[in-house]
Amino acid sequence: QVQLVESGGGLVQAGGSLRLSCAASGRSVSDYAMGWFRQAPGKEREFVAGISWSGYTKDYADSVKGRFTISRDNAKNTVYLQMNSLKPMDTAVYYCASRPQAGTHYLPSRYDYWGHGTQVTVSS
């Protein structure tokens with residue numbers, strides 16, 4: 001089993017930055033693809049960014065390309081999401097997820113383990 005714990009969320013003004021962390025425990029996720037998703041009130045959970053097990057391949061939703069950067073430190077069993085130029089539309093609960101495959105996927109159903117989420121609120 002893999003336990004995932006997100007941190008780093010908070011309240012920030014539009015144009016600001018936040019860095020989310022996702023710490024994994026229970027087993028190493030160095031051979032798992034990892035993803036970040038978000039869910040705003042009344043909306044479905046959506047893919048934000050994903051990173052392959054090696055860190056070589058990174059995928060982003062069109063809405064965050066050029067603003068968000070996903071990275072991982074397999075020695076620390078941790079994945080990060082650097083969020084810059086934040087907009088009010090980025091307000092959501094952000095979730096980390098793991099997938100026991102080499103590559104990422106944009107569908108939440110393709111991920112096996114999930115964290116409890118961290119709230120990100122961007123004020124205008």
Side-chain angles (χ1 to χ4, degrees):
Q1 283 243 344
V2 176
Q3 292 82 45
L4 302 173
V5 178
E6 303 94 338
S7 61
L11 173 64
V12 64
Q13 288 188 332
S17 299
L18 284 174
R19 188 195 194 204
L20 304 184
S21 298
C22 171
S25 62
R27 76 175 302 280
S28 170
V29 293
S30 61
D31 54 346
Y32 282 19
M34 301 294 292
W36 284 98
F37 292 77
R38 66 187 182 188
Q39 188 166 17
K43 295 189 176 181
E44 293 188 352
R45 192 167 299 189
E46 64 174 2
F47 174 79
V48 175
I51 187 167
S52 63
W53 70 272
S54 65
Y56 184 76
T57 302
K58 301 176 184 182
D59 298 309
Y60 297 94
D62 288 343
S63 59
V64 307
K65 279 182 182 176
R67 299 189 298 122
F68 290 11
T69 302
I70 189 171
S71 62
R72 67 189 300 161
D73 185 338
N74 285 340
K76 294 183 178 180
N77 227 23
T78 301
V79 179
Y80 305 96
L81 185 68
Q82 178 67 43
M83 307 187 294
N84 299 328
S85 301
L86 282 161
K87 304 174 181 180
M89 63 170 281
D90 296 317
T91 295
V93 177
Y94 283 70
Y95 298 90
C96 173
S98 65
R99 180 168 184 261
Q101 303 288 341
T104 65
H105 203 284
Y106 67 93
L107 287 175
S109 59
R110 299 299 181 96
Y111 291 76
D112 290 357
Y113 297 103
W114 291 82
H116 291 295
T118 184
Q119 176 71 46
V120 171
T121 303
V122 184
S123 63
S124 57

task: Would you kindly confirm whether Phe47 and Leu86 end up in one hydrophobic cluster when ILVMFWY residues are joined by side chain heavy atoms under 4.5 Å apart?
output: no

field: N/O donor-acceptor pair under 3.5 Å between Thr78 side chain and Lys76 backbone
entry: yes

task: Quick one: closest heavy-atom pair of Leu20 and Thr118, and the distance?
output: CD2-CG2, 4.0 Å

message: On a heavy-atom basis, which atom in Gly103 and which in Ala33 lie closest, and how many Å separate them?
response: O-CB, 3.2 Å

- request: Would you check if the distance from the ring center of Tyr111 to the ring center of Phe37 is below 6.0 Å?
  value: yes

Single-linkage hydrophobic cluster Val120~Val64, side-chain heavy atoms < 4.5 angstrom: yes

Qualifying residues under side chain to side chain donor-acceptor pair (under 3.5 Å), relative to Ser85, sequence neighbours excluded: none

message: Testing the basics here: between Gly117 and Val93, what is the closest heavy-atom pair and its distance to 0.1 Å?
response: CA-CG1, 3.8 Å

Same apolar cluster: Leu81 and Leu18, side chain cutoff 4.5 Å: yes

field: Donor-acceptor under 3.5 Å (Tyr113 side chain, Pro100 main chain)
entry: no

field: Any residue meeting side chain to side chain donor-acceptor pair (under 3.5 Å) with Thr69, in chain and number order, not counting sequence neighbours
entry: none

- prompt: Hey, are the side chains of Tyr32 and Asn74 touching, using non-hydrogen atoms and a 4.5 Å cut-off?
  reply: no

field: Where Ile70 and Tyr60 come nearest, the two heavy atoms and their spacing
entry: N-OH, 3.0 Å

- prompt: Which heavy atom in Glu6 sits nearest to a heavy atom in Cys96, and how many Å separate them?
  reply: OE2-N, 2.8 Å

- prompt: What is the distance from atom OG of Ser30 to atom CG of Asn77, rounded to the nearest 0.5 Å?
  reply: 7.0 Å

query: Is Val12 reachable from Phe68 through a run of hydrophobic residues whose side-chain heavy atoms are each under 4.5 Å from the next?
result: yes

field: Nearest-0.5 Å distance that lies between atom OH in Tyr80 and atom SG in Cys22
entry: 10.0 Å

- request: Starting at NE2 of His105, measure out to CG of Asp59 and round the result to the nearest 0.5 Å.
  value: 10.5 Å

query: Hey, are the side chains of Met83 and Trp36 touching, using non-hydrogen atoms and a 4.5 Å cut-off?
result: no

Contact list for residues 88-102, test side-chain hydrogen bond (donor to acceptor under 3.5 Å, both in side chains), sequence neighbours left out: Arg38-Asp90, Arg38-Tyr94, Arg67-Asp90

query: Taking all non-hydrogen atoms of both residues, which atom of Asn84 and which atom of Ser17 are closest, and how far apart?
result: OD1-OG, 3.0 Å

- prompt: Do the side chain of Arg72 and the main chain of Ser52 share a donor and acceptor less than 3.5 angstrom apart?
  reply: yes

